[in-house]
Amino acid sequence: LRLRKDEGVPIGATAMGLMEAACFEFLPEEVHFIYKIDKIYAASPYSEVPFFSNSGTGYKVLESLLTNRIFTGEGTPMDKEFTGASIDDKGDMVTVTLPLAASRYRYHIEKSSGNLLCCEGEYEGEGSFKCIYSDFGLMGDVAFPSRMELSFEGGGTTASLTLELR
């Protein structure tokens, strides 16, 4: 995973830690899939990828799942893409709900630090996901979660993934 804010999120799969075998690149306007072993390459705008078009999501929401610089500690959106969200102040925590076309996202932010602790998403007829962030460490002056626990439910299937970033 190599995140370049507002530029793209490339996620690579390495075969036995030696060479990158495949890569997804989530760019602001489109998604690329590269399977290097069999030389397969595909590109598509978010509007043509069923998961993204059905849920009304795109690059900004995906990027928000991987970064901690979305909202201030008070829950104020740092990016214009998140305006129109409802903010529920719960004392030590702020919950920001972002309604989109056929989905809803809830971000739970710790007020004292501004850290994003959890993101939950629901997709009409598609399922849901939850991402829990923990073990924050500083990268420069920005707190970044070094552990992300993702779980997905939909289509009669449940899947989970834990990312530990260093």
Side-chain angles (χ1 to χ4, degrees), residues 1-71 77-85 96-109 116 118-134 137 139-140 142-166:
L1 171 70
R2 295 175 304 275
L3 175 63
R4 297 180 308 252
K5 184 159 177 27
D6 294 326
E7 291 181 30
V9 180
I11 300 174
T14 305
M16 295 184 279
L18 300 174
M19 106 181 177
E20 188 173 72
C23 177
F24 277 102
E25 289 182 328
F26 296 93
L27 303 173
E29 301 300 322
E30 63 186 8
V31 179
H32 295 174
F33 173 71
I34 304 161
Y35 184 54
K36 295 179 179 183
I37 294 172
D38 289 335
K39 297 182 175 121
I40 298 171
Y41 176 84
S44 179
Y46 290 99
S47 61
E48 293 180 12
V49 178
F51 172 80
F52 290 107
S53 63
N54 292 344
S55 64
T57 61
Y59 177 76
K60 279 295 182 184
V61 173
L62 177 68
E63 185 182 61
S64 77
L65 297 174
L66 300 171
T67 63
N68 190 35
R69 303 287 297 178
I70 308 155
F71 304 102
M78 297 176 101
D79 190 294
K80 63 182 169 79
E81 296 287 329
F82 294 95
T83 55
V96 178
T97 302
L98 180 66
L100 294 170
S103 58
R104 183 174 66 174
Y105 292 89
R106 285 185 306 277
Y107 298 88
H108 305 283
I109 303 121
L116 175 63
C118 179
C119 179
E120 300 171 293
E122 298 171 4
Y123 307 99
E124 289 181 19
E126 296 280 329
S128 65
F129 81 90
K130 186 174 194 173
C131 186
I132 300 170
Y133 303 86
S134 60
M139 294 183 86
V142 176
F144 194 81
S146 60
R147 184 176 174 90
M148 297 178 198
E149 299 173 42
L150 294 109
S151 59
F152 305 89
E153 290 184 27
T157 303
T158 300
S160 63
L161 171 69
T162 300
L163 300 172
E164 292 189 18
L165 309 174
R166 289 181 232 121

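Side chains are part of it too, since the values below use all heavy atoms of this structure and drop only hydrogens, waters and symmetry mates. All of these numbers come straight from a predicted model, not from anything done at the bench.
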Q: Using the test side chain to side chain contact (heavy atoms under 4.5 Å, CB included), find all partners of P28 that sit at least two apart in sequence or belong to another chain.
A: Y59
**Q.** Pair F24 and H32, ring centroids less than 6.0 Å apart
**A.** no
Q.
How long is the straight-line distance from OG of S44 back to CD of E29, given to the nearest 0.5 Å?
A. 12.5 Å
Q. Is any side-chain N of the basic residue among E122 and R106 closer than 4.0 Å to the acidic one's carboxylate O?
A. yes
Q) Does E149 have any salt bridge (Lys or Arg N to Asp or Glu O under 4.0 Å) partners at least two apart in sequence or in another chain, and if so, which? A) R147
**Q.** Distance-minimising heavy-atom pair for V31 and Y46
**A.** CG2-CE2, 3.3 Å
Q: Identify the two heavy atoms, one from L27 and one from E7, that lie closest to each other, and give their separation to 0.1 Å.
A: CD2-O, 3.6 Å
**Q.** Distance in Å, H108 NE2 paired with T97 OG1, rounded so as to fall on 0.5 Å steps
**A.** 7.5 Å
Q: Starting at CD1 of I132, measure out to OG1 of T162 and round the result to the nearest 0.5 Å.
A: 9.5 Å
Q. Does the side chain of I34 come within less than 4.5 Å of I40's, by heavy atoms?
A. no
Q: Enter the distance from Y41:OH to C23:SG here, rounded to the nearest 0.5 Å.
A: 10.0 Å
Q. In Å, rounded to the nearest 0.5 Å, how long is the span from NZ of K130 to SG of C119?
A. 10.5 Å
**Q.** Straight-line distance of I109 CD1 to Y133 OH, nearest 0.5 Å
**A.** 10.5 Å
